[in-house]
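Here is the structure we will look at, set down as structure tokens.
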Amino acid sequence: MSMKILFMGTPDFALFSLRSLVEAGENVIGVVTQPDKPKGRGYTLTPPPVKVYAMEKEIPVYQPGTLRGEEFATLLSELAPDLIIVVAYGKILPANVLDYPKYGCINVHGSLLPAYRGAAPMQRAIMEGQPETGITTMMMDVGLDTGDMLLVGKVAIEENDNFETIHDKLGECGANTLLDTIKALREGTLTRTKQDDSLATYAAKIEKSDCLIDFTKSAMEVHNQIRGLSPIPLAFTYTPDGKMLKVPTTEVAKREGTLAPAGTVLSLAGGKIEVACGTGSIFVLSVLPEGKKRMAAADFINGRKIAVGDVLTAK
RNA sequence: CGCGGAGUAGAGCAGCCUGGUAGCUCGUCGGGCUCAUAACCCGGAGGUCAUGUGGUUCAAAUCCCAUCUCCGCAA
């Protein structure tokens with residue numbers, strides 16, 4: 001049975017799934033992705049990763065500004081997909097789209113639903129210190145990540161995993177879980193499980209305020225925040241001269257109790273910047289100073305930009 | 001023409017405003033010392049100060065002009 005699949009997705013995370021569909025020989029008849037957006041210095045118009053890949057594979061690409069209205073409805077009836085796969089597309093699908101395909105719309109979501117519904121499930125799970133996260137495939141409905149669950153894949157979050165490593169592991173896991181889901185659909189063995197709404201939690205989009213490091217929290221909480229935001233967009237603090245300092249990598253020091261006022265630099269031994277937290281301390285292993293490249297903490301120390309006793313603060 | 005920072009030894013930086021001997025922390029190489037350390041001491045190598053056979057000047061890393069490259073913010 002060859003189903004006509006329409007793929008909807010935008011960033012790198014979606015690319016894992018699209019690539020696996022293509023490589024598995026599925027009949028991907030088109031890709032819907034967000035319009036090119038101005039990015040970076042000088043506002044260069046940049047295509048989303050999914051578009052770049054689709055064009056390489058000569059799959060038709062569509063970038064509607066909206067899914068509501070005649071235009072997209074017409075396109076949909078021309079393409080006539082049997083199944084729509086949605087992975088981090090970035091827009092809400094209206095009811096007429098959800099209802100169109102014979103086999104419905106399947107979403108690949110980066111959490112163990114009903115936990116972490118919403119925009120930033122991977123980051124939030126790490127930031128909140130979860131020991132594991134995963135992928136849930138679901139039949140989409142009109143709610144935000146509220147549809148019936150299909151299959152689940154789990155991924156452990158190790159102490160030094162960060163957003164990048166979890167993103168890649170879940171991308172991989174998502175691709176595999178998606179293929180399993182389609183296989184089950186085809187074989188008629190797919191079962192739907194309702195979400196328990198009473199257990200639902202939301203993973204709100206990451207805001208600037210989420211990125212400000214709060215050293216009054218425990219060393220582990222600070223570490224979780226920093227790694228959940230690394231390498232994008234990165235957690236930050238301010239040095240005594242008022243310059244912003246982003247922190248890509250840290251590790252938790254094995255120390256207990258309150259060592260000094262939160263944010264105080266305790267030591268520069270071994271090329272690590274040890275910073276006091278509410279309880280315990282963390283080692284800052286690399287930094288990204290304002291206007292500079294990312295560098296090892298040892299280099300930052302060599303340039304004499306920080307000293308024992310300096311206090312890193314919210315400004 | 002979105003805003004801003006930066007290009008000086010292998011790395012991170014200072015020096016530039018107020019032109020006049022190329023400096024700091026580290027790494028590296030050689031030697032010494034210690035039971036030992038993120039060790040310590042002594043010595044050395046390594047730079048056409050991004051580019052222009054540009055301008056000003058007795059003299060330019062420093063002031064002026066142009067170009068290239070890298071980065072942060074914002075979106």
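Chain letters run A, B, ... following the sequence lines, proteins first and then strands; every chain starts at 1. Everything numeric in this text was worked out from a predicted model, so none of it was measured.
- Remark: the backbone N or O of A:Gly278 is paired with a side-chain donor or acceptor of A:Thr258 at under 3.5 angstrom.
- Heavy atoms of A:Arg294 sit nowhere under 4.0 angstrom from any nucleic acid atom.
- A:Leu288 has its CG atom 17 Å from the P atom of B:G5, to the nearest Å.
- Nucleotide B:A74 holds its P atom 11 Å from the CD atom of A:Glu290, rounded to whole Å.
- Across the protein-nucleic acid pair, A:Leu285 atom CG and B:G12 atom P stand 18 Å apart, rounded to whole Å.
- In terms of position on RNA chain B, the residue among A:Ser267 and A:Met244 whose nearest nucleotide sits closer to the 5' end is A:Ser267.
- Nucleotides B:G19 and B:C63 are separated by 8 Å at their C1' atoms, to the nearest Å.
- When the side-chain nitrogen and oxygen atoms of A:Lys243 are compared with OP1 and OP2 of B:G5, none of them lie within a distance under 4.0 Å.
- Heavy atoms of A:Lys39 sit under 4.0 angstrom from at least one base atom.
- OP1 or OP2 of B:G5 has not a single side-chain nitrogen or oxygen of A:Lys293 nearer than 4.0 Å.
- B:A61 sits 14 Å from B:U21 when the C1' atoms are compared, rounded to a whole Å.
- Annotation: A:Gln63, atom CD; neighbour count of heavy atoms from other residues, nucleotides and ligands within 6.0 Å is above 12.
- Counting only distance, with no hydrogens or angles, the side chain of A:Thr74 and the backbone of A:Glu70 share a donor-acceptor pair below 3.5 Å.
- Distance A:Leu234 CG to B:C71 P: 14 Å, rounded to the nearest Å.
- Among the atoms of the strands shown, base atoms are found under 4.0 Å from some heavy atom of A:Gly40.
- Distance CG (A:Asn302) to P (B:C13): 10 Å, rounded to an integer number of Å.
- Residue contacts for A:Lys208: at a heavy-atom cut-off of 4.0 Å it reaches the sugar-phosphate backbone alone, with no base atom in range.
- Side-chain proximity of A:Met295 to B:G72, B:U25, B:C13: nearest is B:C13.
- When the P atom is compared between B:U62 and B:A9, the two are found 15 Å apart, to the nearest whole Å.
- Enclosure of atom CD1 in A:Ile92 is not indicated, since only 12 or fewer non-hydrogen atoms of other residues, nucleotides or ligands lie within 6.0 angstrom.
- Across B:A45 and B:G10, the matching P atoms stand 15 Å from one another, rounded to whole Å.
- Using the Watson-Crick or G-U wobble rule with both distances under 3.5 Å, B:G72 pairs with B:C3.
- Taking 4.0 angstrom as the limit, A:Arg41 places a side-chain polar atom (N or O) nearer than this to OP1 or OP2 of B:G72.
- Among the nucleotides B:C24, B:G4, B:A6, the one closest to the side chain of A:Lys292 is B:A6.
- Straight-line distance between the P atoms of B:A50 and B:C1: roughly 31 Å, to the nearest whole Å.
- Judged by the 6.0 Å distance and 45° axis criteria, A:Lys272 is positioned over the aromatic ring of A:Phe283.
- The gap from the P atom of B:U57 to that of B:G44 amounts to 41 Å, rounded to the nearest Å.
- Spacing between atom CG of A:Leu266 and atom C1' of B:A38 amounts to 16 Å, rounded to whole angstrom units.
- Residue-to-nucleotide proximity on RNA chain B shows that, of A:Tyr43 and A:Ala269, the 5′-proximal contact is made by A:Tyr43.
- One P atom belongs to B:C26, the other to B:A36, and the distance between them is 22 Å to the nearest Å.
- Pairing for B:U48 is absent, with no Watson-Crick or G-U wobble pair whose two atom distances lie under 3.5 Å.
- In this structure, A:Phe300 atom CZ and B:C26 atom P are separated by 17 Å, rounded to whole Å.
- Taking atom C1' on both nucleotides, B:A11 is separated from B:C58 by 38 Å, rounded to a whole Å.
- Atom CD of A:Gln123 and atom CG of A:Asn162 lie 11.0 Å apart (nearest 0.5 Å).
- A cation-pi arrangement is present between A:Arg19 and A:Tyr53 under the rule of less than 6.0 angstrom and at most 45 degrees off the ring axis.
- Here B:G12 presents its P atom at 18 Å from CG of A:Leu268, a figure rounded to the nearest Å.
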